[in-house]
Q: 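One structure coming up, written as structure tokens, with questions to follow.
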There are 2 protein chains.
Amino acid sequence: MARATVQDVARTAGVSVGTVSRVLNGSPAVSESSKEKVNEAIRQLSYRPLASARDLRRDRTMRVLALAKNLDSLVISEVFRGVGDAAADSGYVSLIAATAGDPEREQQLVDMLRNGSVDGLVLFSPTMSDEEVGAVAEQLSVVQVCEIVDAEAAFGVSIDDRQAAYDITRHLIDTGGRRLAMIGHRGARSGRLREAGFRQAVTDAGLAPDQVLFGEGSFGFHSGRALARKLLEAGHLPDAVFCGTDIVAAGCVRELTDAGLRVPDDIAVAGFDDSAQAEMCVPELTTVRQPAYEMGRVAFAELLERMTVPGAHRRGRTFLPYELVIRDSTRG
Amino acid sequence: MARATVQDVARTAGVSVGTVSRVLNGSPAVSESSKEKVNEAIRQLSYRPLASARDLRRDRTMRVLALAKNLDSLVISEVFRGVGDAAADSGYVSLIAATAGDPEREQQLVDMLRNGSVDGLVLFSPTMSDEEVGAVAEQLSVVQVCEIVDAEAAFGVSIDDRQAAYDITRHLIDTGGRRLAMIGHRGARSGRLREAGFRQAVTDAGLAPDQVLFGEGSFGFHSGRALARKLLEAGHLPDAVFCGTDIVAAGCVRELTDAGLRVPDDIAVAGFDDSAQAEMCVPELTTVRQPAYEMGRVAFAELLERMTVPGAHRRGRTFLPYELVIRDSTRG
DNA sequence: ACAACTTTTGGAATCGATTCCAAAGCTAGG
DNA sequence: CCTAGCTTTGGAATCGATTCCAAAAGTTGT
């Protein structure tokens with residue numbers, strides 16, 4: 001039995017296709033009796049309007065796509081949960097896709113916006129160049145979260161990574177840190193901003209940065225361990241380490257602890273993100289709380305404006321407030 | 001400037017729409033010169049075929065949807081990475097959506113399959129009843145991963161949760177466990193299977209289960225801590241605990257350690273999943289490795305068969321091999 | 001009972017890409 | 001130079017839902 005169409009429903013209900021469509025879309029110009037007949041026919045045939053036909057006619061899909069390299073970070077899943085909830089509140093469906101860092105896959109997914117498979121795009125960690133992001137954003141509804149390129153037309157939602165890194169570094173200094181090291185990542189813009197904030201805070205305190213190490217590729221627990229090992233092997237040990245993410249900080253703490261050092265007494269460690277890992281770590285991590293869920297909600301709200309208000313090609317970024325969370329991995 | 005259509009391209013290139021479409025779809029029946037003219041026109045107009053029109057005509061989308069409650073578990077993100085990679089290999093796009101455990105959202109997303117927004121569905125942790133899953137699977141292309149309902153028509157890919165739980169419990173017994181407790185979750189089918197395996201292993205060893213505790217709702221690190229606290233407060237302490245997931249095991253270990261107990265000397269703890277958390281825990285967790293990525297790949301392969309081979313409504317589940325990973329949280 | 005409305009209805013046109021059919025344009029062989 | 005057999009092309013029909021317009025049905029007041 002093939003799929004039922006609006007024609008089939010009309011025939012079964014003994015009305016015209018126009019009336020069926022009106023019932024389907026809740027138009028008020030339908031009599032009660034027609035409405036009942038149509039609904040009965042729909043039930044009988046278990047009819048569902050075909051999405052592609054509806055989308056073609058209406059010229060919109062009520063779907064948005066959220067794009068990231070991976071989904072293995074808790075920050076991402078929180079951000080996308082926010083996007084999903086906000087989208088649902090406005091009657092949209094939010095779909096998620098991972099590019100796996102493959103430019104070709106990313107291209108194909110961004111094309112879903114170009115070819116009208118979705119109405120808008122939430123971009124988390126693009127692989128493509130700033131110019132490409134800008135070019136897409138110029139024409140279509142795109143909003144960035146967390147990672148925001150500098151392109152003219154691009155815009156998005158994030159915290160002030162630079163300032164947050166400055167603040168947490170300042171905390172390390174205020175609690176006695178003098179030889180400050182950093183374990184970061186330069187692959188993403190946010191990583192470079194955090195590095196800048198770190199360096200500035202150290203310099204402003206009249207100190208010079210100790211070692212500044214960077215991870216490549218997949219930047220996780222094991223990178224944290226490996227880079228902490230480098231710190232240890234370098235001889236003169238820092239007394240405080242700022243890590244670019246919690247998960248790296250967790251790896252760092254683990255390596256230091258295994259080497260017999262006490263955190264925070266011998267060496268203080270700070271993370272970034274306040275992901276669930278921060279609480280699982282022993283000792284629990286001092287970190288910067290990113291309002292991930294809220295960022296997702298706001299990102300969708302801005303995207304919605306872009307999608308619905310005609311010339312609303314707003315620029316610039318929206319900063320959301322962050323918060324220092326002081327726990328046990330730094331000296332109180 | 002409005003979106004360019006195939007008509008515009010045809011006009012610009014000085015050919016007919018038929019020819020444009022043939023170029024677009026790589027039909028061999030096009031002369032070199034036409035092909036060039038069309039491609040040039042496409043470039044000029046930066047034309048992209050509209051997805052909804054194409055899908056309507058072709059009656060398929062080359063998209064699949066992967067559905068889960070949340071994306072915050074590393075097992076899920078690995079499974080979906082497998083689905084995504086396998087889909088890409090076959091020219092499909094795999095989209096992911098979270099239901100947030102909301103039946104209405106779930107309904108809406110499953111409707112994307114009914115209304116032809118996607119060609120197939122990978123179901124991870126359905127909220128709907130077994131019958132509903134069965135009803136959808138009867139008509140459309142659905143495959144389940146990890147959690148598999150008993151409905152007739154339903155089928156999917158998982159490990160043998162019951163046997164795996166049996167094996168790891170056996171390991172706890174073989175390494176000296178006599179008073180065996182479990183911290184599990186009954187919300188999901190896999191949780192009940194793991195419980196059954198645990199009970200069977202304990203009984204088969206001529207022992208009786210000590211406490212068996214269950215978490216509700218969001219079942220994570222904090223549940224693990226809370227339930228471990230209950231164990232502690234119950235007075236007579238077990239000497240081995242099997243936890244339904246690694247993250248709960250991590251919470252459990254943390255609570256026990258904070259209470260001054262030594263893991264595994266005073267009490268052994270085993271997890272399940274071999275997610276990244278297992279290695280981050282101190283001591284590192286003995287656990288069962290689920291081949292999450294591979295499960296995703298296999299799930300897509302089975303889905304593909306359902307989508308493309310006409311009457312291929314295969315039933316029953318596919319079991320993938322699991323593996324005990326012995327680490328430091330149990331007595332060696 | 002009729003005019004002047006309002007509510008409800010049917011049906012054709014439309015969205016944009018694909019595909020099929022018939023026709024036109026070639027090439028080669030005689 | 002014509003025909004048989006290719007390749008290439010144009011254009012109409014099609015997919016299924018929506019929407020607009022005109023007409024039919026129904027309501028109200030006098």
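Naming: A, B, ... by sequence-line order, numbering from 1 per chain. The basis for the numbers below is simple: all heavy atoms, side chains too, and nothing from hydrogens, waters or symmetry mates.
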Q: Start at the 5' end of DNA chain C and walk down; is the nucleotide closest to A/P28 or to A/V17 reached first?
A: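 That would be A/P28.
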
Q: State, with a plain yes or no, whether a side-chain heavy atom of A/T5 is found less than 4.5 Å away from one of A/D8.
A: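 Yes, at least one pair of side-chain atoms sits under 4.5 Å.
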
Q: Touch check for B/S52, heavy atoms < 4.0 angstrom, all strands: base, sugar-phosphate only, or nothing?
A: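 The residue B/S52 makes no contact with any strand.
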
Q: Go through DNA chain C in 5' to 3' direction and return only the first and the last nucleotide with some atom under 4.0 Å of chain A's heavy atoms.
A: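 Nucleotide range with atoms under 4.0 Å of chain A: C/dT8 to C/dG16.
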
Q: State whether the number of non-hydrogen atoms from other residues, nucleotides or ligands found under 6.0 Å of A/R192 atom CZ is greater than 12.
A: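 Yes, enclosed.
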
Q: Salt bridge or not between A/E32 and A/K35? Use side-chain N to carboxylate O under 4.0 Å.
A: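 The answer is yes: the pair qualifies as a salt bridge.
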
Q: Flag the pair B/D55 and B/R63 as a salt bridge only when some basic side-chain nitrogen lies within less than 4.0 angstrom of an acidic carboxylate oxygen.
A: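 Between B/R63 and B/D55 there is a salt bridge, with a charged N closer than 4.0 Å to a carboxylate O.
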
Q: Taking the side chain as everything from C-beta on, heavy atoms only, tell me whether B/M307 gets closer than 4.5 Å to B/V64.
A: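 Side-chain contact under 4.5 Å: yes.
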
Q: Which part of the nucleic acid does A/R22 contact within heavy-atom distance under 4.0 Å: base, sugar-phosphate only, or nothing?
A: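 It contacts base atoms.
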
Q: If I take atom CD in residue B/E32 and atom P in nucleotide D/dT7, what distance separates them, rounded to the nearest angstrom?
A: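 So the CD-P distance, B/E32 to D/dT7, works out to 15 Å.
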
Q: Could you check whether A/S21 gets within reach of a base, just the sugar-phosphate, or nothing at all, counting any heavy atom under 4.0 Å?
A: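 Since a base atom lies under 4.0 Å of A/S21, the category is base.
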
Q: Show each protein N/O and nucleotides 24-27 of chain D N/O combination with a separation under 3.5 Å, one pair to a line.
A:
none

Q: Does A/L56 or B/S16 map to a spot on DNA chain D nearer the 5' end, using the closest nucleotide for each?
A: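 In this pair, the answer is B/S16.
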
Q: Less than 4.0 angstrom from a charged side-chain N to a carboxylate O is my criterion; do B/R105 and A/D85 meet it?
A: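 Between A/D85 and B/R105 there is a salt bridge, with a charged N closer than 4.0 Å to a carboxylate O.
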
Q: What contact category does A/N25 fall into here, base, sugar-phosphate, or nothing, at under 4.0 angstrom with non-hydrogen atoms?
A: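 If one applies the 4.0 Å heavy-atom cut-off, A/N25 turns out to touch the sugar-phosphate alone, with no base involved.
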
Q: Looking across every strand, which nucleic acid part, if any, lies under 4.0 Å from A/S31 by heavy atom: base, sugar-phosphate, or nothing?
A: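 Result for A/S31 = sugar-phosphate.
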
Q: Are B/E40 and B/R43 within salt-bridge range, i.e. N to O under 4.0 Å?
A: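 Yes, charged N to carboxylate O under 4.0 Å.
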
Q: With a 4.0 Å cut-off on heavy atoms, is A/L50 in touch with a base, just the backbone sugar-phosphate, or nothing at all?
A: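 The answer is sugar-phosphate, as A/L50 gets under 4.0 Å only of primed atoms, P, OP1 or OP2.
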
Q: Run the salt-bridge test on A/R81 and B/D72 with the 4.0 Å N-O cut-off and return the result as yes or no.
A: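 B/D72 and A/R81: not salt-bridged.
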
Q: Assess whether a salt bridge exists between A/R297 and A/D89, defined as any Lys/Arg side-chain N lying under 4.0 Å from an Asp/Glu carboxylate O.
A: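 Salt bridge flag = yes for A/D89 with A/R297.
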
Q: For B/V20, which contact category applies under a 4.0 Å heavy-atom criterion: base, sugar-phosphate, or nothing?
A: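 The residue B/V20 makes no contact with any strand.
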
